[in-house]
A.B. asks: 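The following block contains the structure, expressed as structure tokens.
No hydrogens, no waters, no symmetry mates; every other heavy atom, side chains included, goes into these values. We name chains A, B, ... by the order of the sequence lines, and we start the count at 1 in each one. Everything numeric here is computed off the predicted structure, so don't read it as measured data.
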Protein chains: 2
Amino acid sequence: MTESRGSTHAKRAAYDLRQRIVKGEMPGGTRLYEVALAEELQVSRTPVREAMSRLAEEGLLERAKGGGFVVRSFTHSDLIDAIELRGVLEGTALRLAAEAGAADDKLEALGTLLCEIDASFGADGAPPNLELYAGLNSDFHDLIVRLCPSTIVRSELERVKSLPFASPSAFVFRNRESKAMMESLVIAQAQHRAMVEAVAGREGSRAEALAREHARIARQNLEKKALDTAEPDPALALIVD
Amino acid sequence: MTESRGSTHAKRAAYDLRQRIVKGEMPGGTRLYEVALAEELQVSRTPVREAMSRLAEEGLLERAKGGGFVVRSFTHSDLIDAIELRGVLEGTALRLAAEAGAADDKLEALGTLLCEIDASFGADGAPPNLELYAGLNSDFHDLIVRLCPSTIVRSELERVKSLPFASPSAFVFRNRESKAMMESLVIAQAQHRAMVEAVAGREGSRAEALAREHARIARQNLEKKALDTAEPDPALALIVD
DNA sequence: ACGCCCCGATTTGTATACATTTCGGTGTAT
DNA sequence: ATACACCGAAATGTATACAAATCGGGGCGT
């Protein structure tokens, strides 16, 4: 009610709860008690229930056996699998887009975005801005999805991406600069261009393979970051292992 | 409350609502009014809301903009896409199973099941029992999923299969016998065996390709059934087009 | 020691009254 | 004719009292 956003109590409660979950307070398996949460969030049980329902739809909570909700547990391999699954679904989205043929204006928009991404990490000599890169990268992946003619595939992909650690920009390096990091950006960007090219050329299979391989970069970054225990990535907070 | 099952009012309400939706009463886009439903289902608004939440989790309802719920609309191409997506996810499940190596006892169980399926449609001279086949086919696809080591992939696959028209046995022929129908069963069963064999032999790519192609049979059956306007398939009821 | 039943505290489920928001129609002014 | 503001009906949002189910522990019998 203080700083959280949303027009109704239920939405605010959902927002607050979501924050607490992804920050790692309330680790996987934690049971959520309506009365306790209602007090903490300063609302009645009704909007709390509503909020928990919404988070269950998002996949952050599970319904417990005897009623009520439990924070969903994610292990390290769930994290790997979610990234893999995102790759598979993005691949399918691109393949279907390629097979059906993509609209020219959307492909053009992607072209401009690709140039902006180039600029963001200093491909043309400008100083790199990694926060900007992360945002543009996320935009790119959103645009890619919209190429896909299938509502069903799009919505399932959005669903998987809503998991905080499966989002395309989850493990992009943002702070320290290193040679390996810049190289991974160059590779990722080459894949971006190839993916758009493949869709434009109706090379469905190529587009699909590229998207899968592209997701592997997230996995690599994750593994690099996992070693960096000094500065744990916030997206890793809800991994219980 | 009369004949529907479930221990709580909310579960019964969810069951009743689900039935009404998949039967095609309340076509896609229909808005659900809490008070009206509460009267029809003889419960208060609270369990109705709870029921609608659950159906939204299943993907049968969507939250409307100004609050409330709307029956999700499915078009003919959504149906095609859902089957395609099931093929993609089953393919991924099998590929991961093949890459990780599947437990022998599970493969054995699949072997026995395959023989039962043979018997069900009269491969050994016995009279075909298509109801039985549909059930065993469904069991087979459930067992297949369980080979997959990834919880995430399994749960997303289960989610897609929960759509009534994306389930593996949705469009299996059950009533009239025809040469084409028996042939499709033979082909499907050959694919079943090949899928298990591929997983056992750790041929991930082959397993994936087979699962995708296998899903195409459902699509073929669907197209055959779509022509049969005299006896529309119940799974088609919630397609609005 | 083990299982079982019973009980009470805790927690969720339900109904309902009331608050708030939303939506559609109607009127007026431009 | 269009845009806008207003209003009232109808819908959802919220709080809360009460009902029912669940979980855990203690006692008892075997």
A.B. asks: Start with the C-alpha gap between B/Glu50 and A/Arg63, add the side-chain angles, then the distance that decides, and say whether salt bridge (Lys or Arg N to Asp or Glu O under 4.0 Å) holds.
C.D. replies: CA-CA 12 Å; B/Glu50 172 72 14; A/Arg63 290 184 188 271; 2.9 Å; yes
A.B. asks: Could you state the atom-to-atom distance from CZ of B/Arg54 to P of C/dT12 in whole Å?
C.D. replies: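 For the pair B/Arg54 CZ and C/dT12 P, the rounded distance is 13 Å.
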A.B. asks: Round to the nearest Å and state the distance from B/Lys11 atom NZ to D/dA21 atom P.
C.D. replies: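 After rounding, the gap between these two atoms is 11 Å.
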A.B. asks: Is atom CG of A/Asp105 surrounded by more than 12 heavy atoms (other residues, nucleotides or ligands) closer than 6.0 Å?
C.D. replies: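 Yes.
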A.B. asks: So B/Glu25 and B/Gln19, do their side chains get closer than 4.5 Å, heavy atoms only?
C.D. replies: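 When only atoms from C-beta onward are counted, B/Glu25 and B/Gln19 do not touch, as no gap falls below 4.5 Å.
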A.B. asks: To the nearest 0.5 Å, how far apart are CG in B/Leu136 and NE2 in B/His192?
C.D. replies: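 Answer rounded to 0.5 Å: 10.5 Å.
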A.B. asks: Can you tell if the side chain of A/Leu236 reaches within under 4.5 Å of the side chain of A/Phe165, non-hydrogen atoms only?
C.D. replies: no
A.B. asks: Using whole Å, what does the distance between atom C1' of nucleotide D/dT14 and atom CD of B/Glu50 come to?
C.D. replies: 16 Å
A.B. asks: Check whether any side-chain N or O of A/Thr46 sits under 4.0 Å from OP1 or OP2 of D/dT14, and answer yes or no.
C.D. replies: no
A.B. asks: Roughly how bent is the helix from C/dA1-D/dT30 to C/dT30-D/dA1 end to end, in steps of 10 degrees, with each end axis from five pairs?
C.D. replies: 30°
A.B. asks: Expressed in angstrom and rounded to an integer, what is the separation of B/Arg49 atom CZ from C/dT12 atom C1'?
C.D. replies: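 About 17 Å, once rounded to whole Å.
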A.B. asks: D/dA15 C1' sits how many Å from A/Gln42 CD, rounded?
C.D. replies: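 After rounding, the reported distance stands at 14 Å.
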A.B. asks: Just how far, in rounded Å, is P of C/dG13 from OH of A/Tyr33?
C.D. replies: 13 Å
A.B. asks: Please report the closest heavy-atom contact between A/Leu163 and A/Gly59, naming both atoms and the distance.
C.D. replies: CD2-O, 4.4 Å
A.B. asks: Quick one: A/Phe69 CZ to C/dT11 P, roughly how many Å, whole number?
C.D. replies: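 For the pair A/Phe69 CZ and C/dT11 P, the rounded distance is 16 Å.
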A.B. asks: Would you mind building the protein contact string for nucleotides 18-23 of chain C? One character per nucleotide, 5' to 3', B for base within reach (heavy atoms under 4.0 Å), S for sugar-phosphate only, - for untouched.
C.D. replies: -----S
A.B. asks: Would a 4.5 Å heavy-atom cut-off, applied to side chains only, mark A/Leu17 and A/Met26 as touching?
C.D. replies: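 A/Leu17 reaches A/Met26 side chain to side chain.
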A.B. asks: Return the nearest nucleotide to the side chain of B/His9; candidates are C/dT14, C/dT11, D/dT14.
C.D. replies: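 Selected nucleotide: C/dT14.
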A.B. asks: Is the shortest heavy-atom distance from the side chain of B/Phe140 to the side chain of B/Val196 under 4.5 Å?
C.D. replies: yes
A.B. asks: Check every atom of C/dG13, C/dA15, D/dT16 against the side chain of B/Val43 and return the nucleotide holding the closest atom.
C.D. replies: C/dA15
